[in-house]
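Comments concern the structure below.
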Amino acid sequence: MTFTLIATTTMGFEAVLAREIKALGYKDVKVFDHKVEFQGDYRDICRANIWLRTAGRIYIKIGEFEATTFDELFDKTTALDWAQWIGKDDKFPVADVTSRKSALFSKSDCQSIVKKAVVTQLKKAHSCETLPETKASCPIRIQIENDKVILSIDSSGSGLNKRGYRAHMDIAPLRETLAAGLILLSRWRPEEDMLMDPFCGTGTLLIEAGLIAKNIAPGLNRSFCSERWSCIDSAHWRYVRQEARDLIKKDAKYRIYGSDNNARALSIANKNIELAGLPDVFVQKRELSEISSRYEQGRIITNPPYGHRLEEQPDIDLLYQEMGRVFKEKFPLWSYYVLTSCDYFEELFGRESNKHRKIYNGGIKCWYYQFFGRKS
Ligand SMILES: C[S@@+](CC[C@H](N)C(=O)[O-])C[C@H]1O[C@@H](n2cnc3c(N)ncnc32)[C@H](O)[C@@H]1O
């Protein structure tokens, strides 16, 4: 039996996510804004959760229909087979509601109508009078756009950016899914190119690169809410986890280095690197002006400070000018990939990018500037 699975992502990463899904062997892959849909069975729910690096969450589409009245929303929701997924004792919060350009715009009304409809269907299907909602969680998502309703269940639980390697959260790091996306967008080949991040902070880009280089599934060391669902045989989870362990390239050769001028960020980076199981990823304390490499070619992928307060801007402008000088002088043949919110970065950096693309980093509009070196 197959279902439609929905992998969500942030704007700008849909094509990368589709590439990841195809690489896992799925064929009927459809790309939309912020999401990619594909077909899969129970085992594929486990596989998608464990493997997809740029997906925010994996949903199972339960139904899709037009509705412009609450009666229609109720009737069409009741007609869906919720009991296939939600057990008699399971929780099913209707937590996530979005509505755009639709007659049904009141989120709280849609929420309570869908809840009521699901309760009605589950009581009938499970032949019971009450639903205690004490066991596994099956969070329901409602998306309405142009009067088309999509109802789905979240199989991930907490967002897939939570890989389980983050020891400390007090310094705002790059989101893991975004960092993985930046690496994948750059089409970095670990066996060929050294990778360096001179503003590595807590090491997110380095760790995501390391996981890619060793083919470590990003979700291997965390749990998912669908692991507790009775409809998915736990043997599927065991199989997919073992498969992921077997696919780790234990002897992978790669060179990943990071530096930063903040000792505290670096000590967190070291803890995160250790938790991620990547002893070959190295970081050191360096000012931008001090960085160097003995390799003639390589790749810098980095997320320098943006400076959101007005008074910080002159310093940031000077830093970006310094980046231009340092990269040109010390890494003349390397490729550079820089994520920043600065619209005029190229001017300060002193070079026009070969490509740039818009990317949102936690709601901040950014640009991913890509400067190709000799080998790209
Ligand atoms: C946006 S943060 C990078 C966050 C990182 N990607 C992460 O996931 O934690 C920018 C980093 O640049 C570092 N930094 C700022 N100015 C620097 C300089 N002149 N030389 C080296 N590092 C610098 C800061 O300490 C900070 O950790």
Side-chain angles (χ1 to χ4, degrees), residues 10 13 53-54 159-186 188 195-212 218 256-276 278 281-293 299-309 311-331 336-342 345 348-349 359-369:
T10 32
F13 287 102
R53 298 179 195 279
T54 54
L160 295 180
N161 60 300
K162 300 216 164 62
R163 321 290 211 201
Y165 63 68
R166 260 227 225 283
H168 301 265
M169 288 300 293
D170 55 343
I171 291 187
L174 201 58
R175 190 173 269 259
E176 299 82 338
T177 39
L178 175 58
L182 297 179
I183 307 283
L184 293 175
L185 267 178
S186 84
W188 173 59
L195 190 149
M196 195 161 122
D197 178 1
F199 301 101
C200 72
T202 59
T204 320
L205 278 162
L206 309 172
I207 293 171
E208 291 298 323
L211 296 180
I212 291 169
I256 300 175
Y257 298 98
S259 55
D260 200 286
N261 64 2
N262 181 332
R264 171 149 171 72
L266 288 172
S267 99
I268 295 173
N270 272 321
K271 286 187 185 122
N272 291 346
I273 288 167
E274 195 187 327
L275 276 174
L278 297 166
V281 171
F282 298 105
V283 294
Q284 57 187 346
K285 188 160 183 288
R286 289 265 184 282
E287 275 296 330
L288 171 69
S289 55
E290 296 167 340
I291 61 167
S292 63
S293 170
R299 194 168 289 233
I300 291 175
I301 304 183
T302 195
N303 161 226
Y306 304 164
H308 278 291
R309 284 190 293 274
E311 65 273 19
E312 289 171 350
Q313 206 51 51
D315 291 343
I316 294 295
D317 286 3
L318 288 175
L319 183 72
Y320 290 174
Q321 284 169 353
E322 191 186 0
M323 277 172 76
R325 282 193 302 274
V326 171
F327 288 10
K328 187 173 170 189
E329 187 192 320
K330 299 194 179 158
F331 308 90
Y336 324 128
Y337 295 78
V338 182
L339 182 75
T340 167
S341 61
C342 181
F345 175 78
L348 299 167
F349 189 66
I359 277 170
Y360 281 85
N361 176 10
I364 303 169
K365 188 181 87 182
C366 291
W367 297 98
Y368 193 35
Y369 295 99

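Atoms within a ligand are numbered from 1 in the order they appear, just like the ligands themselves.
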Show which atoms of ligand 1 fall inside a sub-4.0 Å distance from at least one heavy-atom site of [X].
X	answer
Pro305	10 (C), 12 (O), 15 (C)
Glu287	18 (C), 19 (N), 20 (N)
Thr202	7 (C), 8 (O), 9 (O)
Asn262	25 (O)

Heavy-atom distance to atom 21 (C) of ligand 1: which of Asp197, Leu319, Asn261, Leu205 wins?
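Nearest heavy atom to atom 21 (C) of ligand 1 lies in Asn261.
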Counting heavy atoms only, which of Ala265, Gly258, Cys200, Pro173 comes nearest to atom 5 (C) of ligand 1?
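Minimum heavy-atom distance to atom 5 (C) of ligand 1 goes to Cys200.
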With sequence neighbours excluded, residues passing side-chain hydrogen bond (donor to acceptor under 3.5 Å, both in side chains) with Asp317:
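Only Gln313, Tyr344 meet the side-chain hydrogen bond (donor to acceptor under 3.5 Å, both in side chains) criterion with Asp317.
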Please enumerate all residues that pass side-chain hydrogen bond (donor to acceptor under 3.5 Å, both in side chains) together with Thr177, with sequence neighbours excluded.
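By the side-chain hydrogen bond (donor to acceptor under 3.5 Å, both in side chains) rule, Thr177 matches no residue at all.
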With distance as the sole test, does Asn261 use its side chain to make a donor-acceptor pair with the main-chain N or O of Glu287 at under 3.5 Å?
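No; zero donor-acceptor contacts below 3.5 Å.
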Donor-acceptor contact present, side-chain Lys330 to main-chain Ile291, <3.5 Å:
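Yes, the answer is positive, given that a donor and an acceptor are paired below the 3.5 Å cut-off.
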4.0 Å heavy-atom contact, Ala269 with ligand 1:
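No, Ala269 has no heavy atom closer than 4.0 Å to ligand 1.
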Contact check, Arg286 vs ligand 1, heavy-atom distance below 4.0 Å:
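In this structure, Arg286 qualifies as a contact of ligand 1 - some heavy atom is under 4.0 Å.
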Taking the side chain as C-beta and beyond, is there a heavy-atom pair between Leu178 and Tyr360 under 4.5 Å?
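Contact flag for Leu178/Tyr360 side chains = no.
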Between Pro304 and ligand 1, is there a nitrogen or oxygen pair with a distance under 3.5 Å?
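The answer is no, given that Pro304 and ligand 1 share no N or O pair closer than 3.5 Å.
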Between Phe327 and Phe349, is the gap from one ring center to the other below 6.0 Å?
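Yes.
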